[in-house]
Each structure stands twice: as structure tokens, then as C-alpha cells.
Amino acid sequence: MMRSEELIKKLEHEHSLSEPEYSELIRLRDEETAALLKDRAAKIRSSVFGDRIFIRGLIEISSNCRNNCLYCGIRRDNGNAERYRLTEEEILACADEGYELGFRTFVLQGGEDPFFTDKVLCSIVSKIKEKHTDCAVTLSMGERSRESYQSLFDAGTDRYLLRHETADPLHYSMLHPYEMSFDNRMKCLSDLKEIGYQAGCGFMVGSPFQTEDTLAKDLKFIETFRPDMCGIGPFIPHHDTPFGNEKPGTVELTLFLLSVIRLILPDVLLPATTALGTIDPAGREKGILSGANVVMPNLSPAAVRKKYELYDNKICTGEESAQCLKCLEERIKQTGYRLVTDRGDSPRMIKKSGNRRK
Ligand code: SAM
Ligand code: FES
């Protein structure tokens, strides 16, 4: 048996490799092993989730950010970024529209905008949850204090997405300005988990200075942290950032890593991201076929979509929400899977808590 086949077999049965083995698996990859991995990932995903693909309605609530991540188009120092902030009424209207369209999970995402204090965010979350009692709310608003995460949880937030970006501290320091700290990122993630959120981490594939060894650390971190959700998508340069001339990540490596992550955590909620659909028109379908089981169509008001520009040429910025959903439905159907409209909770969390709130 070839060495990479051996590693895939081990991963499939033990859901774990050593860091050097993860590096080796990435380094040795070729078309044949990628095909084998994809086949194993699709099988294991189907054994847990059948043919169901979950949808989450993404509402991009603010393009203001106090941070200065070197890769991100809405970083503080990008004077060309167009800034906007949705009002509470606008956010609630997006959720209402999404509910009508069949969404049962709303993801509120934004830059680290100091306007969104706990009081403001808690009010929005609790209003969505009161009105749409069968829905889940996910927040993705960056690093906050443990007390803040606790208040947001108490207000009804079910899930929180905070990509770790890289599990290698030195690599982290190359992607972020001096004032941002790897240790704090990791502390936020452990706080979220301890509080009881369905927690999501993740990273960009092909970010500057990433190597097989930093990726191996990411995979080991995912294996030990055991997130309920894991967001990975290719890095795509934004022309107004320090990384504007860097090379983008590839579809090939993103798909390979999606399959690896599915084998590490069979029940993880794994999105086929918008970034993947941006570097390849069929990227999201390919993501599904490689082991992903979540898609996140955009529910933001059409007028602001172009302004939430994390990277160049982002897709779905000209469409209305209903159009976007229809388009994705068609795309998923072609893969042989089907979109479902339930909350799509983490199976692990349902088992653990009998589903905290409805
Ligand atoms: N502020 C929140 C946070 O930090 O988690 C949410 C918004 S942040 C812009 C969401 C994610 O976008 C980041 O975690 C990062 O991985 C991704 N992202 C930012 N710039 C990107 C780029 N140039 N290419 C691909 N993904 C990018
Ligand atoms: Fe948004 Fe296709 S998914 S337009």
C-alpha cells in the first residue's frame, strides 16, 4: 500500500494523525490520493448526515472594524473601504425575510465594531429569537471578553464562529499586527466552548507564509479542540491590503483539507464557503462533494453587499436574497444532495444537551 493510502486509512479509523503525519499527507498528495480521500470523506459525511446540506442565512451587519489584520479588506487602515452599519430594524428585517425564505439559522457577522456593545447585540439576538422561536442565531463578531460572550449566550445566541486563522503562533504574528495576540484568540475559543456555545474555528487556505507544517498544526488543533463548526476557505488577496500582491490559495488544497477535516471530525458542520465559490465558479459544489455539508447564502440588503469586501471579486454581491437561495438550491441539487431548512444543530451538541433552547 502507498504511504498516503496508509495515512488515509489510519485517519479514517482513528480520526487522528501525528503532526508529522499530517504534514506528510499534505506533502505527498496527488490526484489519486485526493480522489481516495474525497471518496472516504463523502461516505463518512453521508453516514452521519445522509444527503442533507444545511443552509445558514448570512447577514453582514457592519464593515467597520477596529482591527488591522493584514489580509482583510475591511481592516482599519484601508481608507478606501466603504463603511456601513445596519440598524437593528434592518437586521431584524433581513431575518424576517430570511425566515419567509425558509432559513432557520441566521449568522450575524461583522468587523469588530465598537458600536455593537453587549447591550445592542443582546437586544438584536433576543428579538430575533423571540420572534422566530424555531431559529438558531450564530454570531461572528470577533474577539470579546468572556463576560461579553456569556451575556450574548444568555441572550439566546446558540453558536459563535471565530476562526483561529492559524494554530502556529509565529505564523499568527505574520498575519496580524503587533497588538493582536494569538493567546487571546485561543482564550476566546476556549471561553466560547466552556460557556456552552456550539463553537466554530477555522483558517484560510494558502494564506501568506503558510506551510505544510503550519497546516499540520491547524489540523492537530482542530482534532483536539473539536469544534462543532469549522470554516475554511481559500485566502484571496484584497488589492488595498498589505497582502494585495500575494498569491491566492488554491481550490485543490482547499478541497483536500475539507476532506481531511471531515475524516478527523465526522459530525462537524463544515461550510463550502463563499471564498471557495469566488476562486472557482463551481467551488461550492466541489466543496460539498469533498465533504462539506453547509452553505451560507447572503441575506444582507443588496445595497450594502459590495461594501463588505473582505477580498477581491466576491460573488453574490449583486443578487437579492431570494435569487441567491434559488441559485444555491439548483447548484446543490446538481451534486445529488438536498438543502434542508431545519436549524442544523451540531449532532454532538444535540446529544450532549438535548438541544439547549428551541
Ligand atoms: N470580525 C469577525 C472575526 O474576526 O471573526 C468576523 C469577520 S472576519 C472578516 C471573517 C473571516 O474572513 C476571517 O476570519 C478571515 O478568515 C476571513 N477573511 C478575511 N480576509 C480574507 C481574505 N482576504 N481572503 C479570504 N478570507 C478572508
Ligand atoms: Fe448567491 Fe448563487 S449563491 S448568487
Side-chain angles (χ1 to χ4, degrees), residues 56 58-78 81 83-86 107-116 121 138-144 148-149 152 157 159-167 171-172 175-177 179-182 184-186 188-189 191-192 197 199-210 218 227 229-251 253-254 257 271-280 283 287 296 298 300 305 307-315:
R56 281 81 168 85
L58 180 64
I59 309 176
E60 296 155 335
I61 68 175
S62 176
S63 69
N64 295 284
C65 192
R66 66 186 167 121
N67 276 341
N68 230 353
C69 305
L70 274 67
Y71 44 84
C72 185
I74 60 168
R75 66 199 301 271
R76 180 181 72 221
D77 283 357
N78 180 9
R83 308 292 174 176
Y84 73 89
R85 174 184 297 133
L86 299 185
V107 181
L108 275 46
Q109 188 182 85
E112 290 192 18
D113 180 350
F115 173 84
F116 286 102
L121 265 185
T138 305
L139 288 178
S140 174
M141 298 295 293
E143 295 178 21
R144 303 174 79 95
S148 167
Y149 287 146
L152 295 167
T157 312
R159 313 183 186 133
Y160 204 101
L161 296 172
L162 182 71
R163 289 186 175 183
H164 63 285
E165 310 296 359
T166 169
H171 186 211
Y172 190 90
L175 299 178
H176 299 96
E179 70 269 15
M180 285 181 73
S181 126
F182 174 78
N184 192 53
R185 196 85 176 173
M186 289 294 165
C188 287
L189 280 165
D191 284 345
L192 289 165
Y197 281 99
C201 65
F203 60 90
M204 293 177 292
V205 177
S207 63
F209 314 111
Q210 187 176 69
D218 288 319
M229 296 121 21
C230 184
I232 70 160
F235 160 72
I236 306 175
H238 183 290
H239 59 280
D240 279 326
T241 64
F243 290 158
N245 292 320
E246 298 289 333
K247 277 203 316 269
T250 64
V251 182
L253 182 54
T254 308
L257 292 169
T273 57
T274 307
L276 187 53
T278 297
I279 58 166
D280 180 340
M296 297 171 64
N298 202 323
S300 309
R305 284 192 191 191
K307 300 182 189 167
Y308 196 78
E309 195 192 45
L310 308 181
Y311 44 79
D312 291 339
N313 306 317
K314 192 175 151 201
I315 51 167

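Whatever order the structure lists them in is the order used to number ligands and atoms, beginning at 1.
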Please determine whether any non-hydrogen atom of [X] lies less than 4.0 Å from an atom of ligand 1.
X	value
G233	no
Y160	no
G110	yes

Test of understanding: given a 4.0 Å heavy-atom threshold, classify the contact between [X] and ligand 1 as side chain, backbone, both, or neither.
X	result
E165	side chain
P234	backbone
R185	side chain
S140	both

Looking at V205, L162, L139, L108, the heavy atom closest to atom 5 (O) of ligand 1 belongs to L162

Just so I know, are the side chains of [X] and [Y] near enough to count as touching, which here means a heavy-atom distance under 4.5 Å?
X	Y	answer
Q109	M296	no
T166	F203	no
T273	V205	no
S207	L175	yes
H176	Y71	yes

Go through R163 and I232 one step at a time and tell me if the side-chain contact (heavy atoms from CB on, under 4.5 Å) criterion holds.
CA-CA 8 Å; R163 289 186 175 183; I232 70 160; 5.8 Å; no

What residue and heavy atom of the protein are closest to [atom], and at what distance?
atom	value
atom 18 (N) of ligand 1	M204 SD, 4.0 Å
atom 9 (C) of ligand 1	L310 CD2, 3.4 Å
atom 17 (C) of ligand 1	R163 NH1, 3.8 Å
atom 23 (N) of ligand 1	I236 O, 2.7 Å

Check the surroundings of atom CG in N313: do more than 12 heavy atoms from other residues, nucleotides or ligands lie under 6.0 Å from it? no

Report yes if the distance between the aromatic ring centroids of Y160 and Y149 is under 6.0 Å, otherwise no.
yes

Under 6.0 Å between the ring centres of H164 and F182?
no

N or O pair under 3.5 Å between [X] and ligand 1:
X	answer
Q109	no
Y308	no
H238	no
P237	no

Backbone N or O of H239 within a donor-acceptor pair of the D312 side chain at under 3.5 Å?
yes

Using protein heavy atoms only, decide if any is under 4.0 Å from atom 20 (N) of ligand 1. yes

E143 bridged to R185 by N-O distance under 4.0 Å: yes

